[in-house]
Every structure is written in C-alpha cells, then in structure tokens.
Amino acid sequence: MEAFHLLSRGGAKFDKSKFKSDVNLFNGKKSKAANASTSARAPEGELPPELDFFKYAQGGQGKRKASEPNGGADAKGKKRRVEEDEDTEDEDADEAEQAAEEDDPPMPRHRVTTKGNNVPEHVETFEALRERYNIPSRLLQNIAQSGYKRPTGIQSHGIPILLEHRDLAAISPTGTGKTLSYLLPVMSALGAPAASSKSNPGSGVRALILAPTRELAHQIHNECLKLAQGRKWKIVLFSKATAATLADKKVREKIDLIISTPLRLVASLQAGNLELNNVRHIVLDEADRMLDAEFLEQVQEVIAACTHPEVQKAVFSATLPANAEKVAMSMLRDPIRVVVGLKDTPLPLIAQSLTYVADDQSKLPTLLQYLSQPYNPPVLIFVSSQPRATSLAEELVISGVPNVDCLHAGMTMKEREDAVSRMRRGESWVMVSTEVMARGMDFKGVREVINYDFPQSVQSYIHRIGRTGRAGREGKAITYFTNEDAPFLKTIANVLLQSGSTVPEWILKLPKPSKMKRREMGKVKRAEAVNNARRIGRSDAIKKRDMVAASKRRKAKETQSKTDGATSSPHADGADGESA
DNA sequence: AAAAAAC
C-alpha cells in the first residue's frame with residue numbers, strides 16, 4: 001500500500017507545468033474543433049435528427065424502445081442530434097481560477113420541452129430574473145463572480161419554475177448546470193439567516209438537498225458556499241461529525257440549509273436530533289438513483305419528516321427511466337416536467353466507442369497498451385467493484401503508469417477526500433473508480449472515460465461517460481466489452497448511435513437476446529464473477545506484495561498492544577483488507 | 001439484472 005502511494009504520487013515523475021501546458025494546448029485545439037463542428041452541423045439543419053427529437057421529446061416516456069429500430073437502420077452520423085447544451089456548471093471552490101483560464105467553450109443550445117399547468121416563462125439572462133422576481137442582487141453578483149454568464153437550457157427554464165414555488169421534475173444532460181438550477185432559487189428564497197431571527201420560532205432548516213454520494217454532496221456544498229458569499233446562512237454538509245453537534249437544540253435551530261446523503265439524515269431523525277418541520281424546499285439530485293430500491297425508503301422517511309404544508313419539491317437528473325419518473329411524479333404536487341435535449345441520451349460532444357476484449361484477462365493488456373500511447377489526462381476508469389478498483393490501480397502503478405489514483409467507498413473518508421482533491425488539482429492522470437464517481441461529479445478537466453468493466457445499465461453508462469464533455473467541452477469515452485457482456489451490448493450500442501457515435505455493423509446485427517437467454521447468461525456471468533473477478537490481474541508482483549503485507553499485518557497485530565496508534569499507515573490495512 | 005453506495 002505504501003509502495004502504491006509512493007509510486008503513484010512519485011514526485012519526480014510528475015511535471016505539473018508540463019501537464020498544464022498540455023492541457024492548454026488541448027483546450028485551444030478542442031474548442032476550435034468544437035466550434036467548427038457546431039457551425040457545420042447546426043445550419044445544415046439535419047432534419048432527420050430534429051424530427052426524431054420532437055418525436056421523442058413530445059412523446060414523453062418510453063422513448064428508448066421507440067428509438068431502437070431506427071437507431072439500427074439509419075446508423076451513423078445521422079443520429080447526431082443538435083448540439084446541445086452546455087453551460088458553465090462549474091465546479092468547485094478551488095476551481096475558480098481554472099474556470100477563468102479555460103473560459104467559455106461554445107454553448108450550443110438544447111431543445112427544451114415542458115409539460116404541466118401554467119408553466120412560467122423562461123428567462124434568457126440572469127439579469128431578467130432580477131427584474132421579474134426581484135432576487136437578491138448579492139446572489140446575482142456571486143453568480144457572475146463564479147463565472148456563470150448565460151443560463152443554460154435547464155437554468156433558463158427551471159429557475160423561474162422554482163422561483164414561483166412550483167414542483168419540478170427536471171431532466172437535463174450531464175454537465176449542463178443542474179446544480180445552479182436548484183441552488184439559485186433555493187438560496188433566493190432563503191431569506192434571513194435562522195440565527196438572526198431568534199424571536200421567530202418558525203426558522204431553522206428551510207431547505208434540504210439530497211444526493212447519493214458523499215463526494216457529490218460535498219461538491220454541491222462547495223457550489224453553495226460560492227453562491228452564499230456575503231450572507232450569514234448556516235449551510236451544513238451533513239456528516240457524522242456535524243450530526244454529533246445536533247444534540248444541542250440551539251445548534252440545529254441555526255441551520256438554514258442542509259446538504260446530505262439520505263441515510264445520514266435518517267439516522268439523525270431517528271435519534272431525535274433533527275427537526276425538518278419547517279423545510280420549504282427539498283431537492284433530490286440524481287433523482288432516479290435516489291428513488292431506486294435501496295434509497296427510496298430512506299428518502300421517503302426524510303420527506304415524511306418535512307411536514308410543512310408548503311414544501312416545494314424538485315427532482316433533477318440526466319436520466320429518469322419511466323418507473324423512476326412515476327415514483328417521482330407521485331411525490332410532486334402539480335408538477336412541471338422539463339426535458340432538455342433527449343431524455344436518456346448522452347451528449348454528442350462525447351465521442352464514444354466500443355472495444356472488444358474477449359475476456360476479463362484481456363482487459364489489462366488492452367488498457368496498458370492504450371496508456372502506453374499518448375492520451376489526454378486525466379482519464380477516469382470505471383470498474384465494477386471496490387476490490388477491482390484497488391487491484392487495477394495497483395496493477396497500473398506496478399506497470400509504471402504515472403500518477404495513478406483510486407477512489408471507492410471502501411476507502412476512509414479522508415482517503416476519498418484526498419483523492420478528489422488530487423483530481424481537482426489535476427494531479428491524477430489516471431483515476432480508477434467505482435460507481436461512486438459515476439454521477440454528478442464535475443471535474444472539468446476529464447477528457448477521457450474508460451469503462452473497463454461494462455456498465456450495468458444504460459443509466460450507469462450515460463452518467464459514467466458524462467464525467468467528460470462537461471460545460472460544452474468535448475470528451476471521449478471508451479467501453480470495453482467481453483463475450484460475457486454480449487447480452488447487454490446492443491442496448492448500449494443503441495445509446496451510442498442515438499448520440500451521434502458510430503458502432504460497428506456487426507454489433508448492430510446482433511439479435512436482441514430474449515429475456516430468458518439474458519437471464520441465463522446473467523447466471524453464468526455471476527458464477528464466473530464469484531470465481532475470478534474479484535481481482536484484476538493478479539500479477540506475481542502483486543501476489544508477492546500481498547503476502548508481505550499480510551505477514552506485516554500479522555506481526556503488527558502481535559505487537560499491537562504495545563505500540564498501538566503508532567503504525568505509520570493505519571489506513572493501508574483498511575483499503576487493502578480484501579486481499580485475502 | 002446486479003453491484004455500489006448510504007451508516
């Protein structure tokens with residue numbers, strides 16, 4: 001483990017300034033290319049995709065099915081719909097300068113469709129919001145300072161809806177500024193800080209934002225702090241530590257806004273340490289994820305605790321499958337539904353491809369080969385489990401790949417945070433991760449995503465590759481597939497087609513496997529997974545290292561009673577614990 | 001259809 005950290009961080013190898021200039025070079029080139037392709041495509045009018053678009057957008061649900069047939073038929077460039085989007089959702093606090101230097105990529109507009117009663121008119125500029133809704137000018141200032149210039153599609157439509165206190169289901173592609181779409185209205189409605197109105201018993205937590213991972217909650221919190229500059233609101237990123245302070249009622253009464261993962265909040269509710277009866281705004285980010293089986297109960301419990309009659313609810317996501325949408329709509333009151341671009345379709349800005357790799361063993365050589373040639377760092381690599389993330393990262397380090405990092409939820413909070421910061425600072429060239437990183441995370445610099453392990457759903461695919469191509473930048477996504485992935489290959493291939501990437505003929509000719517067949521193959525896959533898929537490569541080097549580590553641990557245990565906290569790397573055992 | 005994440 002220590003070897004891993006040393007190697008991957010290896011000071012000598014990492015030449016930051018060089019990296020930076022590479023990045024700049026890339027940016028310059030790319031934005032020109034993006035401009036060119038935009039202007040080339042848009043004016044030509046590409047009728048077929050446009051027509052397709054309207055068909056789907058107006059039809060509402062079930063588009064995926066409808067799209068499959070012609071996806072196969074007209075193939076290729078045809079399916080490339082209008083360029084959409086983009087905005088400037090930026091990231092994180094420490095990224096302000098980076099944003100400044102990268103400046104504005106082209107911002108093609110998305111088609112937007114809305115459905116619902118009395119839909120408020122959209123705005124073209126942030127200034128228009130002040131005229132119409134009288135939102136605090138300090139907030140507008142902070143928005144400008146954070147580098148936001150023009151509202152994106154979801155912002156110009158979603159913000160007025162939320163400012164008029166309507167419930168909203170918003171579907172907008174990855175990297176198109178959803179975060180600001182809900183933060184601005186919520187913060188605009190927040191009013192005076194709870195701490196300042198002691199006489200008012202109706203203060204306390206007035207807004208709640210729920211996200212599926214700690215990392216995403218943290219990122220939202222950062223964004224929130226930027227918008228809140230100059231105000232005295234107490235904006236809390238919920239964690240074990242902050243939850244512990246809530247035993248004191250005075251502390252919780254001063255909170256204005258909470259950003260949290262659901263379970264954390266449920267724990268505090270059940271402990272009787274939190275009142276949500278004055279919450280006026282609830283936002284579910286990554287809504288389809290928040291409403292799937294594992295989270296639904298928790299989310300419902302939180303929502304049930306928000307008993308104020310005027311509570312406004314909003315759900316946001318880049319994907320919203322029909323069943324999730326049903327659940328979402330049933331929670332909302334007289335909702336408005338806004339769809340930007342094509343539902344469940346990635347951005348055309350992302351150049352996607354599929355790579356055949358026969359079987360699991362063939363993946364590592366393929367990846368090493370890829371990384372031995374010039375690529376655009378940072379690359380984000382997705383695998384299907386924590387142990388696979390750990391061992392793939394180790395294999396890469398051992399193979400001499402520079403600046404390799406790893407991030408999964410089995411790591412300690414500190415390790416996770418450190419990994420994210422390295423990523424944000426541009427120090428990671430190759431980041432190996434699990435689904436934790438698949439949703440919402442906004443690393444502007446990510447130019448390439450590799451699905452080392454095949455994604456388990458269309459939604460997962462869309463979100464994973466959506467880590468690149470953000471805010472109008474171009475991106476590249478490669479997906480490895482093995483024979484075992486065959487049953488799900490065609491579904492993903494159709495997603496590629498829909499978003500303007502090309503797919504080899506033979507894949508399109510694959511029959512759609514029957515449900516039974518899929519189930520059968522699923523079984524085989526699972527059985528094999530149990531047998532061999534925990535670790536990636538199992539090189540001799542790693543085996544040896546593991547044995548050494550194991551014996552060290554044994555020794556450490558024996559002497560533990562004496563030396564206790566003195567071990568140099570308490571976290572190493574945890575992260576490496578699965579090595580058995 | 002299934003793992004990851006949430007604590």
Side-chain angles (χ1 to χ4, degrees), chain A residues 208-220 237-244 246 258-271 273-274 284-302 321 323-324 360 381-390 392 406-413 415-416 419-420 432-441 451-461 463-464 482 484-492 512-530 533-534 574 578:
Chain A
L208 199 54
I209 295 163
L210 295 179
T213 63
R214 288 299 317 266
E215 280 75 14
L216 182 52
H218 193 257
Q219 177 180 291
I220 295 166
L237 173 59
F238 228 56
S239 68
K240 204 173 275 182
T242 55
L246 298 180
I258 289 178
I259 301 154
S260 180
T261 50
L263 198 49
R264 179 69 267 166
L265 219 48
V266 168
S268 290
L269 283 174
Q270 288 177 348
N273 281 342
L274 185 63
L284 303 186
D285 204 346
E286 305 300 341
D288 51 338
R289 178 74 184 86
M290 304 301 286
L291 297 174
D292 76 13
E294 301 87 335
F295 272 129
L296 182 57
E297 210 177 317
Q298 303 163 23
V299 169
Q300 282 173 332
E301 187 166 344
V302 171
N323 50 349
D360 196 53
I381 300 179
F382 284 102
V383 296
S384 60
S385 73
Q386 296 179 8
R388 284 175 67 78
T390 308
L392 177 56
C406 178
L407 176 46
H408 61 69
M411 293 159 48
T412 66
M413 223 32 244
E415 289 170 321
R416 289 168 69 169
V420 171
V432 182
S433 183
T434 60
E435 290 292 300
V436 230
M437 297 301 280
R439 283 173 176 263
M441 295 310 293
N451 287 315
Y452 188 90
D453 291 334
F454 205 74
Q456 302 93 332
S457 69
V458 167
Q459 286 73 32
S460 164
Y461 177 75
H463 286 277
R464 282 176 174 192
T482 64
E484 294 168 8
D485 301 318
F488 309 100
L489 182 57
K490 197 173 181 187
T491 314
I492 299 294
K512 200 160 188 222
S514 70
K515 271 188 189 158
M516 247 179 57
K517 181 117 190 188
R518 239 186 287 179
R519 206 169 302 149
E520 228 170 77
M521 299 195 62
K523 264 185 212 157
V524 173
K525 193 175 174 182
R526 252 168 283 145
E528 286 182 13
V530 171
R534 270 179 74 75
E578 71 342 272

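Throughout, protein chains are lettered first and strands after them, A, B, ... in sequence-line order, and every chain is numbered starting at 1.
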For residues A:Ala409 and A:Val436, report the shortest heavy-atom separation together with the two atoms involved.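 Minimum heavy-atom separation between A:Ala409 and A:Val436: N-CG2, 4.0 Å.
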List the atom of A:Ile492, the atom of A:Phe454, and the distance in Å for their closest heavy-atom pair.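 Heavy atoms of A:Ile492 and A:Phe454 come nearest at CG1-CZ, 3.5 Å.
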Tell me the interatomic distance from [X], atom [atom1], to [N], atom [atom2], rounded to whole angstroms.
| X | N | atom1 | atom2 | result |
| --- | --- | --- | --- | --- |
| A:Phe295 | B:dA4 | CZ | P | 14 Å |
| A:Asp360 | B:dA3 | CG | P | 15 Å |
| A:Leu216 | B:dA5 | CG | P | 14 Å |
| A:Met411 | B:dA5 | CE | P | 11 Å |
| A:Glu215 | B:dA5 | CD | P | 9 Å |
| A:Asp292 | B:dA6 | CG | P | 13 Å |
| A:Leu407 | B:dA5 | CG | P | 9 Å |
| A:Glu297 | B:dC7 | CD | C1' | 14 Å |

When you get a sec, tell me which of B:dA3, B:dA5, B:dC7 is the closest nucleotide to the side chain of A:Thr213? B:dA5
Per A:Arg264 side chain, nearest of listed nucleotides B:dA6, B:dA3, B:dC7: B:dC7
Select base, sugar-phosphate, or nothing to describe what [X] touches, counting heavy atoms under 4.0 Å on all strands.
| X | result |
| --- | --- |
| A:Ala267 | nothing |
| A:Pro262 | nothing |
| A:Arg214 | sugar-phosphate |
| A:Ser457 | base |

Base B:dA4 to side chain A:Arg289, donor-acceptor N/O within 3.5 Å cut-off: yes
Below 4.0 angstrom from OP1 or OP2 of [N], is there any side-chain N or O of [X]?
| X | N | value |
| --- | --- | --- |
| A:Ser384 | B:dA4 | no |
| A:Thr261 | B:dC7 | yes |
| A:Arg416 | B:dA6 | yes |

Mind checking side chain to side chain contact (heavy atoms under 4.5 Å, CB included) for A:Ser460 and listing every partner two or more places apart, or none if nothing turns up? A:Glu435, A:Pro455, A:Gln456, A:Ser457, A:Arg464
List for me each residue that meets side chain to side chain contact (heavy atoms under 4.5 Å, CB included) alongside A:Glu297, sequence neighbours excluded, and say none if there are none.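 With sequence neighbours excluded, A:Glu297 shows a side chain to side chain contact (heavy atoms under 4.5 Å, CB included) to no residue whatsoever.
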Matching residue for A:Phe238 among A:Leu208, A:Leu274, A:Ile259 - test: side chain to side chain contact (heavy atoms under 4.5 Å, CB included): A:Leu274
